[in-house]
Protein chains: 2
Amino acid sequence: MRLLIIGGSDAGITAALRARELDSTTEVTVVVADSFPNYSICGLPFFLSGEVSDWHTLAHRTADEIERKGVHLWLNHTAQSIDPEARSVTVVDQQGRAKSLSYDRLIIATGATSVNSTIPGSGLPGVHQLHSMADTFHMQKHLLDQAPRSAIIVGGGYIGLEMADALTHRGIKEVNLVVRSASVLRSTLSTSVARVVEQELRRCGVKITNGIAVEAIERTGERLTVMGTRGFKASADLVLVAVGVRPATTLARSAGITTGLHGAIRVNREMATNIPDIYAAGDCVETWHHLLRTYTYLPLGTTAHKQGRIAGENAVGGHRQFAGSLGTQVVKVFDLAVARTGLLEDEASATGYEPVGRNLATWDHKVYYPGARKLLLRIIGDQRTGQLLGGQIVGPWQAEVAKRIDTLAVALSYGMTVEALNDLDLSYAPPFSSPWDPVQMAAQGWTRGLAG
Amino acid sequence: MRLLIIGGSDAGITAALRARELDSTTEVTVVVADSFPNYSICGLPFFLSGEVSDWHTLAHRTADEIERKGVHLWLNHTAQSIDPEARSVTVVDQQGRAKSLSYDRLIIATGATSVNSTIPGSGLPGVHQLHSMADTFHMQKHLLDQAPRSAIIVGGGYIGLEMADALTHRGIKEVNLVVRSASVLRSTLSTSVARVVEQELRRCGVKITNGIAVEAIERTGERLTVMGTRGFKASADLVLVAVGVRPATTLARSAGITTGLHGAIRVNREMATNIPDIYAAGDCVETWHHLLRTYTYLPLGTTAHKQGRIAGENAVGGHRQFAGSLGTQVVKVFDLAVARTGLLEDEASATGYEPVGRNLATWDHKVYYPGARKLLLRIIGDQRTGQLLGGQIVGPWQAEVAKRIDTLAVALSYGMTVEALNDLDLSYAPPFSSPWDPVQMAAQGWTRGLAG
């Protein structure tokens, strides 16, 4: 059986390895557009910050490690067309030479691309995006060759915030973050929680301008000027546009594969497309949301790994279903960890829930033990049924914020009520928590608030 | 309605506050044997280590805070008898003056006492136990007045280990830990995981002697000698015996309340005893185990809080059930966090499961991001059904070990399979985890091991 996979990032490589793990007789080939299979895209900001000195270490696995598992990599080849009738894919190398590869099963894992190009001027020298290794090398060269002293970051999502941190860490004193919505991390955090993140950014010298849609970027000499709504105008030596991604699905569409939200490939929960024997996974597909009970476009590395693993399993005869995303995320912003899982109030309302959110500030561990740190926790629950709908935690990044959100994520997987969080047998010793973990204290606060 | 509670530690105070929270018309009185209501017993080692400088801060809540919630505290009063017919309790003060208190509902939260006295010589000067504030002051005085230079700790449970850490931290160079079983933390960890903890203890200068039952303690001048099986004999300036606790239930038994395992009070899952209107909670009761589906004796602070909250709720008319313990625990031993949840192999076998345990060593977060630390994770699952039965994690204490065990604890609450852990949408960013969290990597390792 020949399994062909288009795309060598998280979903594609995970699918390849899973297929080989389950059936070592399968011939698995992965077509990789560049020479960086399975690189950790999430690690790019930490290379640019200087915290990661050698970019080679960003590989989740090296090409050698992947090939040693019996996966054939076609590096620097781009898939140009799929012929579902003939079960073949035409690929071209960097010299434009074409070749046809046959398959019995195909997995499309073409990922996403940055949506930067919608802003006039986003192609100017000195204006960057950050999605691929090539983008990274390009930006690194700019930073090394021209030592920019100021930067404008367009976009208040997690890449925007990580890069505000990274560029500051690298020594750029003047970092200006321009955000379209009224608060940073608009799709991740409720406003009151986002304000704490904004305080941290400002504490570390980042200037934030909320509520501005960037309309154009212009270049005068070495200087770039960003213009936006409400008369916004600011200049800097470097501009990074990080306003999101869109699924890379031109190839899939041209083969007759159905797409939906934002042009993402429609898959069922077995990660199968509408065309027999063609699966898809990762940032190029619509993602089943466990709480919304519908498909969304929610590209995340964790999801890509899970979907890839399922596509790989099913391509060799499995029938495993993707359990669904909860939108669980964490991001480090200077000294804070910022984490959320589940729904925001507006997402929950739109789905017919009656969400109520309540914040609680408390210590990560017993305050008598040295080093206690204050956390802000937000619990969102349905006021009619008491069902837990989501949670957010912000606190010093050493305060087990990331794994505390996971407690809520597992609870959400099972449709727990807020009140039932108090039944969970969570670990405690004074250096780590309290007899009621902060997530349980927040749950108790939520219930008291509802009663009072 | 008059609610009387005997015992002012975690279970008793939590019950009192919960009752008042739900029904502010209830008159709530708590009889407290000493003057330290709601002190954090788990914090005692950190006071003795010197990490906590003021013992007052060990109070979860001060007496003032408790009384401000409308709870009457009878400090320094001991309950002597219960008359279930008359619905009254006789208490005596420190001068031996008796008084009768009437109740409509009674909660017994008398806790546990150390079992030290079974070893001949355990009452000698210089031989300590550590269960109450009085024990702590006694030991602190010994440490301050006589500056002991060597110590023998009898018992390899979590108090023994925390105190080995504490006494070393305080500057005692020669600390000798004498353990009855073949490895430390025998009731908490599988042997292979316990060995890592023993390495850490030895690295920090603690001498460990496993497999010795202590038979007697003798005193010669200022020096104490501990003798045990297999000819064991060692001397030191101070001895701490920490070989466990037993439920303090003489009072309850004399009132006709049924007791069971180790003499602990039998309660149903509403925390009601066999006598109408008498509830019990905390270290004095048998505890429902969620996985064993039976009662055990498993005294833990977290459990005491949960049971107290339920007893308080039900005493004012509720019908809430205790969900059950999973035995989740974490302890800090020098630079390690040591955590477990669920069953050990032998507990699981005895219950009819077919447990298989597998270890995986991996990094807490992406190794390219600075500060990655190696964790050892053990997954125990049933080889017939694939059900998750338990987990253990040992790693540097800043590596989110405690809250990672909580992911497994929530999963255990829902009877998840090991394989289903891979479906969980857990948080990831390079400073915090990997796209598959270590607990998921350990789950994949477990499944591969079973297949291979």
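Proteins come first, then strands; the chains are lettered A, B, ... in the order of their sequence lines, and each starts at number 1.
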Side chain, backbone, both or neither: which part of Ile405(A) has a heavy atom under 4.5 Å from chain B? side chain
Correct closest heavy-atom pair for Val52(A) and Tyr368(B) would be CG2-O, 3.4 Å
Please flag which part of His60(A) lies under 4.5 Å from any non-hydrogen atom of chain B: side chain, backbone, both or neither. both
What residue in Asp10(A), Thr341(A), Asn422(A), Thr407(A) has the most heavy-atom pairs under 4.5 Å with chain B? Asn422(A)
Contact leader toward chain B among Phe46(A), Tyr414(A), Phe322(A), where contacts are heavy-atom pairs under 4.5 Å: Tyr414(A)
For Ser433(B) and Lys403(A), what are the C-alpha separation, side-chain angles and deciding distance, and is it a side-chain contact (heavy atoms from CB on, under 4.5 Å)? CA-CA 9 Å; Ser433(B) 186; Lys403(A) 298 300 117 185; 3.7 Å; yes
Checking Ala337(B) against chain A: side chain, backbone, both or neither under 4.5 Å from a heavy atom? both
Do you know which of Ala420(B), Pro435(B), Ala59(B) has the most heavy-atom pairs with chain A at a distance under 4.5 angstrom? Pro435(B)
Could you check whether Arg404(B) pairs with Asp406(A) (Lys NZ or Arg NE/NH1/NH2 to Asp/Glu carboxylate O, under 4.0 Å)? no
Find the one option among Cys42(B), Ala304(B), Ser40(B) whose heavy-atom pairs under 4.5 Å with chain A are most numerous. Cys42(B)
Check: Gly327(B) main-chain N/O paired with Asp425(A) side-chain donor or acceptor under 3.5 Å: yes
Based on non-hydrogen pairs under 4.5 Å, which of Ser325(B), Ala339(B), Pro45(B), Ser53(B) is most in contact with chain A? Ser325(B)
Atom pair OH (Tyr428(B)) and OG1 (Thr302(A)), whose distance is rounded to the nearest 0.5 Å: 9.0 Å
Does the side-chain contact (heavy atoms from CB on, under 4.5 Å) test come out yes or no for Tyr369(A) and Lys332(B), once each step is laid out? CA-CA 12 Å; Tyr369(A) 187 85; Lys332(B) 180 175 174 294; 3.5 Å; yes
Take Phe432(B) and Trp397(A) through the side-chain contact (heavy atoms from CB on, under 4.5 Å) test and state the conclusion after the steps. CA-CA 9 Å; Phe432(B) 303 109; Trp397(A) 73 290; 3.9 Å; yes
Applying side-chain contact (heavy atoms from CB on, under 4.5 Å) between Val410(B) and each of Leu421(A), Val410(A), Leu412(A), report the one that passes. Val410(A)
Quick one: do Arg320(A) and Asp423(B) make a salt bridge, cutoff under 4.0 Å? yes
Less than 4.5 Å to any heavy atom of chain B: does that hold for the side chain of Val401(A), its backbone, both, or neither? backbone
Polar side-chain atom of Lys306(B) near backbone of Leu424(A) as donor-acceptor pair, under 3.5 Å: yes
Glu419(A)/Arg309(B) salt bridge by N-O under 4.0 Å criterion: yes
Return the option, out of Ala399(A), Pro370(A), Ala402(A), Ala451(A), with the maximum number of heavy-atom pairs under 4.5 Å with chain B. Ala402(A)
Is Asp54(B) in contact with chain A via its backbone, its side chain, both, or neither, using a 4.5 Å heavy-atom distance? neither
When Gln329(B), Gln398(B), Lys366(B), Gln321(B) are compared by non-hydrogen pairs under 4.5 Å with chain A, the top option: Lys366(B)
Looking only at heavy atoms and a cut-off of under 4.5 Å, which of Ala323(B), Ala429(B), Gly301(B), Ser427(B) has the most pairs with chain A? Ser427(B)
